[in-house]
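Input: a single structure, listed below in structure tokens.
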2 protein chains.
Amino acid sequence: MSKHAKEMGVLKDHLGKHQLKFTRQRELILDAFLKQEHITAEEMYHQLARKDPHLGLATIYRTLNLFCEAGLAQARHFGTQTQYDNISHKGHHDHLICTGCGKIVEFENCDIERLQEEVASRNGFTIQTHRLELYGLCSRCRH
Amino acid sequence: MSKHAKEMGVLKDHLGKHQLKFTRQRELILDAFLKQEHITAEEMYHQLARKDPHLGLATIYRTLNLFCEAGLAQARHFGTQTQYDNISHKGHHDHLICTGCGKIVEFENCDIERLQEEVASRNGFTIQTHRLELYGLCSRCRH
DNA sequence: TCATTTTTGATACGGCTTATCAATTTCAAC
DNA sequence: GTTGAAATTGATAAGCCGTATCAAAAATGA
């Protein structure tokens with residue numbers, strides 16, 4: 001039994017409900033995707049080039065978008081590229097970014113996350129993932 | 001004295017520190033920008049077409065990016081376009097984004113902002129601005 | 001196996017943003 | 001107010017990312 005049996009089930013379920021087919025490529029891409037916390041289509045294209053040199057970039061895009069529809073992934077625009085987040089990955093962290101020197105500090109805050117849930121449910125939303133970035137100056141750059 | 005004297009000062013300060021020049025176009029674009037809470041380059045292009053039909057789109061992009069560097073604006077990628085947020089605008093708002101239909105709900109939450117300040121100061125940071133986006137499904141898309 | 005429907009891979013295309021570059025403007029020094 | 005070096009502008013070409021297209025291949029169910 002595969003390490004990713006649960007997610008594979010979610011995918012097959014989605015495929016079944018939408019008259020879509022289970023293909024070698026979709027399986028390959030899902031396996032690779034689930035090993036990451038987040039990835040871009042281009043990155044995955046290069047990663048998989050060894051396993052299957054003929055796998056097309058368009059197929060990667062299509063498949064990652066399929067994962068979004070199936071609820072396995074979450075697309076996020078980061079700079080000019082689209083990043084696909086692995087929803088099943090635990091331990092999402094947020095960032096403090098120094099606009100002076102570019103230093104990045106990661107943090108996690110349960111209270112903030114709880115309040116986010118509150119805001120979401122008040123608006124009828126169910127959160128899948130989030131992005132929180134605080135921009136400012138670190139102590140060294142403040143002078 | 002202009003309504004936007006403070007921001008104009010910030011801009012001139014930035015220009016001075018980087019050997020950049022104060023131009024008619026930059027003044028025009030800043031005035032238009034500060035009247036908005038957020039805007040895309042394309043939108044501004046059309047807005048300003050009346051005041052200055054020869055103002056080029058490239059100049060708008062360049063200038064909005066300049067505002068980001070000066071700390072007056074913040075770029076945010078929404079779908080395929082880039083939106084420029086007016087940082088000086090009171091009531092910075094965060095976004096709930098539906099991954100199903102793309103609906104965007106704006107919100108503000110003082111408690112979250114207070115906790116952000118706490119996290120920042122605990123790490124020696126002074127926050128200038130932030131970005132918080134919650135991704136999930138709205139009530140309609142949850143089925 | 002066969003027939004039907006979906007998927008794939010290669011590539012053309014499209015939208016948004018940046019790079020290029022000659023002409024113009026700014027601005028400090030005279 | 002002229003002058004001249006340096007930056008900016010505007011027009012447009014180029015670039016990048018992601019999607020659409022479509023003939024060939026693969027998957028599913030009878």
Side-chain angles (χ1 to χ4, degrees), chain A residues 8 11-30 32-33 38-70 73-85, chain B residues 8 11-30 32-33 38-70 73-85 99 102:
Chain A
M8 199 64 80
L11 176 60
K12 286 190 175 173
D13 203 56
H14 180 84
L15 296 176
K17 281 180 183 159
H18 295 79
Q19 292 159 232
L20 303 175
K21 295 175 176 174
F22 185 73
T23 65
R24 183 181 60 76
Q25 288 88 340
R26 285 175 178 167
E27 184 174 15
L28 185 66
I29 295 171
L30 182 59
F33 176 68
H38 45 68
I39 196 168
T40 64
E42 201 77 33
E43 282 165 6
M44 178 159 289
Y45 181 63
H46 289 116
Q47 266 190 34
L48 291 180
R50 266 177 275 165
K51 289 200 172 181
D52 181 353
H54 294 295
L55 187 59
L57 186 54
T59 299
I60 309 240
Y61 275 107
R62 279 186 295 234
T63 305
L64 288 172
N65 286 334
L66 172 70
F67 293 171
C68 291
E69 281 154 28
Q74 160 75 55
R76 231 174 15 177
H77 300 279
F78 212 68
T80 68
Q81 286 195 117
T82 300
Q83 189 165 97
Y84 293 86
D85 292 4
Chain B
M8 197 65 80
L11 176 61
K12 286 190 175 172
D13 203 56
H14 179 85
L15 296 176
K17 282 180 183 158
H18 295 79
Q19 291 160 234
L20 304 175
K21 295 176 177 176
F22 185 72
T23 65
R24 183 180 60 75
Q25 288 88 338
R26 286 175 177 167
E27 183 174 16
L28 184 66
I29 294 172
L30 182 59
F33 176 68
H38 45 67
I39 195 167
T40 64
E42 200 76 34
E43 282 166 7
M44 178 159 289
Y45 182 63
H46 289 116
Q47 266 189 35
L48 291 180
R50 266 177 275 166
K51 288 198 173 181
D52 182 351
H54 294 295
L55 187 60
L57 185 55
T59 300
I60 309 242
Y61 275 106
R62 278 187 296 235
T63 306
L64 288 172
N65 287 334
L66 172 70
F67 292 170
C68 290
E69 282 155 26
Q74 177 173 345
R76 188 200 304 263
H77 301 279
F78 257 137
T80 67
Q81 285 196 118
T82 300
Q83 188 166 96
Y84 293 86
D85 292 3
T99 58

Between P on D/dA11 and CD1 on B/I60, what's the gap in Å once rounded to a whole number?
12 Å
Grab the CZ-C1' distance between A/R76 and D/dC17 for me, whole Å please.
18 Å
Check every strand shown and say whether B/E42 touches a base, only sugar-phosphate, or nothing at a heavy-atom separation below 4.0 Å.
nothing
With nearest nucleotide decided by heavy atoms, which residue, A/T40 or B/D52, maps closer to the 5′ end of DNA chain D?
B/D52
How many Å lie between CD1 on B/I39 and P on C/dT17, as a whole number?
13 Å
Check the distance between C/dT7's P and A/E27's CD and give it to me in whole angstrom.
16 Å
Taking the ring of A/F33 and the ring of A/F67, is the distance between their centroids below 6.0 Å?
yes
Which nucleotide in D/dT9, C/dG9, D/dT8 has an atom nearest any side-chain atom of B/T59:
D/dT9
Select base, sugar-phosphate, or nothing to describe what A/R26 touches, counting heavy atoms under 4.0 Å on all strands.
sugar-phosphate
Would you please confirm or rule out a distance under 4.0 Å between OP1 or OP2 of D/dA27 and any side-chain N or O of A/T23?
no
Looking at A/T59 and A/Q25, what are the two nearest heavy atoms and their distance?
CG2-CB, 4.2 Å
Quick check for you: to the nearest 0.5 Å, what is the distance between B/Y84 atom OH and B/N65 atom CG?
4.0 Å
Establish whether the base of C/dT5 is bridged to the side chain of A/K21 by a donor-acceptor pair shorter than 3.5 Å.
yes
In whole Å, I'd like the distance from the CG atom of A/L30 to the C1' atom of C/dT7.
17 Å
Could you please name the option among C/dT7, D/dG18, C/dG9 that lies closest to any side-chain atom of A/R24?
C/dG9
Examine D/dT19: is either OP1 or OP2 under 4.0 Å from a nitrogen or oxygen in the side chain of A/Y61? Give yes or no.
no
Nearest heavy atom decides the nucleotide; on that basis, is B/A58 or B/L15 closer to the 5' end of DNA chain D?
B/L15
Correct closest heavy-atom pair for B/A75 and B/T82 would be CB-CG2, 3.9 Å
Length of the CD-P vector between B/Q19 and D/dA6, whole Å:
10 Å
Students often get this wrong, so: under 4.0 angstrom with heavy atoms, is A/L57 touching a base, only sugar-phosphate, or nothing?
nothing
Quick one: B/H18 NE2 to C/dC27 C1', roughly how many Å, whole number?
19 Å
Has the side chain of B/R26 got a donor or acceptor atom that lies under 3.5 Å from a matching backbone atom of B/K21?
yes
Rounded to the nearest 0.5 Å, how far does CD of A/Q83 lie from CG of A/L64?
11.5 Å
Short side-chain N/O contact from B/Q25 to OP1 or OP2 of C/dT25, under 4.0 Å:
no
side-chain N/O B/N65 vs C/dT18 OP1/OP2, d < 4.0 Å:
yes
Is any side-chain N or O of A/R62 under 3.5 Å from a base N or O of D/dG18, one able to act as donor and the other as acceptor?
no
Between P on D/dA27 and CG on A/L11, what's the gap in Å once rounded to a whole number?
15 Å
Which residue lies more 5' along DNA chain C, comparing B/F22 with B/T80 via nearest heavy atoms:
B/T80
